[in-house]
Amino acid sequence: MSEKVIRRSLAVLPMGTVMKLTSLTARQIRYYDDHGLVQSQRTSTNRRLYSLNDIDRILEIKDYLAEGMNIDQIKRVYTKQSERKNQQQKRKAGQVSDNRVREYLRDDILRAGGLYPNSNSQF
DNA sequence: ATTCTTACA
DNA sequence: TGTAAGCA
C-alpha cells in the first residue's frame, strides 16, 4: 500500500475541523456517522476522528442528500460499490491461479514433446 | 474550550 | 434537523 493511500485514510481530524471543511453541522456529521456511512475512528476519550477520505465521502453524501436521495438509498450505493470491489478482487485472484495452471500445462507439453528449451544437453 | 449522548420540539 | 442539558 502506498504512503499516499495510507495518509489519506489516517483519521486525525476532530469534529470542529470537519465542520469547517464541509460546512455541515456536528448534528449532520454525526448523523452520517451513526448510519455507518463514514468509518470514523474514536480517541481513547470517545472523540470522533476523521480522515481526508472521510471528508471526501461526507461531501459526497452531502451532494446525494441535496439531490434528494435518502439515507437508505445512499447506503445501497456504497454497499453495492463494495460488492463490485469484492467481485473484482475475486476475478483478479482467479486470473492468477489460471495463469499458474497454464504455466504448468505449458511445461508438461514441452517436456512431453521433447521441445523443452535448452534441453539438448539436459538429462 | 470542545465534543459526546440523550431526549424533546 | 435544531437545540438544550449534563457529562467527560
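All of these numbers come straight from a predicted model, not from anything done at the bench. The sequence lines fix the lettering, A, B, ..., with proteins before strands; numbering per chain opens at 1.
- Atom pair L49(A):CG and dT3(B):P shows a separation of 11 Å (rounding to whole Å applied).
- Phosphate contact (OP1/OP2 of dT3(B), side-chain N/O of T45(A), threshold under 4.0 Å): absent.
- Atom CZ of R42(A) and atom P of dT3(B) are 13 Å apart (whole Å).
- Contact between the side-chain N/O atoms of R27(A) and the OP1/OP2 oxygens of dT3(C) is not found at any separation under 4.0 Å.
- Counting to the nearest Å, the P atom of dC7(C) and the CZ atom of R47(A) are 15 Å from each other.
- For the atom pair CG (L21(A)) and CD1 (I55(A)), the distance works out to 5.0 Å, reported to the nearest 0.5 Å.
- Between the CD1 atom of I61(A) and the OH atom of Y32(A) there is a distance of 6.5 Å, given to the nearest 0.5 Å.
- Applying the side chain to side chain donor-acceptor pair (under 3.5 Å) test between Y50(A) and each of D33(A), T17(A), T22(A) identifies D33(A) as the sole match.
- Rounded to whole Å, the distance from CZ on R30(A) to C1' on dT1(C) is 13 Å.
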Inset, instruction - Evaluate salt bridge (Lys or Arg N to Asp or Glu O under 4.0 Å) for D54(A) paired with R48(A), printing each intermediate quantity in order. - result: CA-CA 12 Å; D54(A) 291 332; R48(A) 292 180 174 78; over 6 Å; no

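- The partner of dT2(B) is dA8(C), judged by Watson-Crick or G-U wobble contacts that both fall below 3.5 Å.
- Across the protein-nucleic acid pair, D34(A) atom CG and dT3(B) atom P stand 16 Å apart, rounded to whole Å.
- Summarising the geometry, the separation between CD1 on I71(A) and P on dT1(C) is reported as 8 Å, rounded to the nearest angstrom.
- Comparing dT5(B), dT1(C), dT3(B) by their closest approach to the side chain of N46(A) singles out dT5(B).
- For the pair D33(A) CG and dT5(B) P, the interatomic distance rounds to 9 Å; values are reported in whole Å.
- Regarding R48(A), its CZ atom lies at a distance of 4 Å from the P atom of dT5(B), rounded to whole Å.
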